[in-house]
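For clarity, every value in this text was computed on a predicted model and none was experimentally measured.
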Amino acid sequence: MTWFAFFSCFFAWFGIAPLMIIVRDELQLTKSQVGWSIIASVAVTVFARFFIGWLCDRIGPRLSYTYLLIFGAFPVAGIGLADSFETFLFFRLLIGVIGAAFVITQYHTTVMFAPNVVGTANATSAGWGNLGGGVTQFAMPMVFSVFVVGFGFSEAVGWRLSMMVVGCVIFVVGIAYYFLTQDAPDGNFKELREKNLLPPKKSVTGDYFRAMTDYRVWVLFLIYGSCFGIELTVNNVAALYFYDYFDLSLGAAGGVAASFGLMNIFARTLGGIFGDNFGALWGLKGRSSGCLLCCWARAVR
């Protein structure tokens with residue numbers, strides 16, 4: 001459920017990206033306005049992730065994911081109501097909040113899996129979740145075609161209905177997450193606190209800010225920002241790029257753009273396996289050395 005919830009969020013987060021070809025023409029967006037909409041969808045995630053990490057500590061990953069999916073469904077579907085650059089930008093900004101799903105995914109798998117395999121569990125759940133950013137590149141043009149070709153709607157209506165479908169899907173996934181998961185192997189956070197097996201909620205804020213004073217947190221922040229930030233950029237602009245510069249059709253541009261996101265089905269899992277093996281051999285220093293090795297290899301390439 002955790003990886004599928006993340007997959008759904010990523011699918012919804014970037015669902016509009018392969019349809020920007022249609023949206024740009026209909027709303028008559030300039031190159032600058034397209035750029036601002038992309039920035040908005042990613043920038044707001046930074047603040048949402050800070051908040052969602054704190055929320056996970058307070059109410060647990062189960063409720064945090066449920067709330068994020070259910071409330072996130074409304075702007076995803078609501079972007080279909082956009083009729084100008086301003087309204088489109090507003091909904092694009094709100095949709096970016098569901099990018100915080102990554103935090104809950106990693107939090108939940110870390111709690112549920114043992115230290116010797118937690119790297120593989122985290123990497124696989126996140127990697128298969130990121131896969132949504134690739135699948136959406138070719139799936140959304142197909143959904144769009146169903147409405148336009150199959151049902152005869154105009155292109156302006158087709159992209160709007162496509163996003164409404166995605167909104168309905170993540171709403172249902174949010175309900176499923178509530179009923180099909182629990183916070184930890186021993187139960188939910190609320191019951192564990194009642195049994196004094198977890199620190200009280202009031203201690204969460206202090207512990208959270210104490211963790212943020214650790215310089216190693218910010219080192220990882222920089223590493224992850226430089227890697228994942230590039231992936232988010234590619235997911236947002238790839239379909240438009242191939243459409244504009246290689247004269248590909250909507251479906252073909254989405255298919256080529258999907259190849260970037262589809263690599264996550266194995267690439268992240270490999271990173272997790274390496275991390276677990278390095279950790280078994282050399283402990284935490286082994287994991288951090290493995291991380292730096294991957295960064296070095298990326299830089300050399």
(Q) If the condition is side chain to side chain contact (heavy atoms under 4.5 Å, CB included), which residues does Ala121 pass it with, not counting sequence neighbours? (A)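 Here the qualifying residues are Phe113.
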
Q.
Test of understanding: with side chain to side chain contact (heavy atoms under 4.5 Å, CB included), list the residues that count as partners of Gln33, not counting sequence neighbours.
A.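 If we apply the side chain to side chain contact (heavy atoms under 4.5 Å, CB included) test to Gln33, skipping adjacent residues, the hits are Leu29, Thr30, Phe85.
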
Q) Rounded to the nearest 0.5 Å, how far apart are CD1 of Ile21 and CZ of Phe242? A) 11.5 Å

**Q.** From CZ (Phe144) to CG (Leu19), nearest 0.5 Å
**A.**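 Result: 7.0 Å between the selected atoms.
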
Q | Candidate list Pro61, Pro185, Cys56, test side-chain contact (heavy atoms from CB on, under 4.5 Å), partner Val111, passing option | A | Pro185

Q: Given salt bridge (charged side-chain N to carboxylate O under 4.0 Å, His left out), test Arg160 with Asp83 step by step and report yes or no.
A: CA-CA 11 Å; Arg160 299 170 191 277; Asp83 59 358; over 6 Å; no

Aromatic ring pairing [X]/[Y], orientation class (parallel under 30°, perpendicular over 60°, tilted between):
X: Trp13; Y: Phe10; value: perpendicular
X: Tyr245; Y: Tyr241; value: tilted
X: Phe171; Y: Phe74; value: perpendicular
X: Tyr224; Y: Phe102; value: parallel

Decide whether [X] and [Y] meet the rule of one side-chain donor and one side-chain acceptor closer than 3.5 Å.
X: Thr124; Y: Trp3; result: no
X: Thr105; Y: Tyr65; result: yes
X: Asn264; Y: Glu231; result: yes

Between [X] (side chain only) and [Y] (backbone N and O only), is there a donor and an acceptor less than 3.5 Å apart?
X: Thr269; Y: Phe266; result: no
X: Arg268; Y: Ala123; result: no
X: Arg92; Y: Ala40; result: no

Q. If you draw the axis of the six-membered ring of Tyr178, does the NZ or CZ of Arg62 fall within 45° of it and under 6.0 Å from the ring centre?
A.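 Yes, cation above the ring, under 6.0 Å and within 45°.
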
Q: Applying ring-ring contact (aromatic ring centres under 6.0 Å, His included), run through Trp54 and Phe51 and close with a yes or a no.
A: CA-CA 5 Å; Trp54 171 83; Phe51 171 75; 5.7 Å; yes

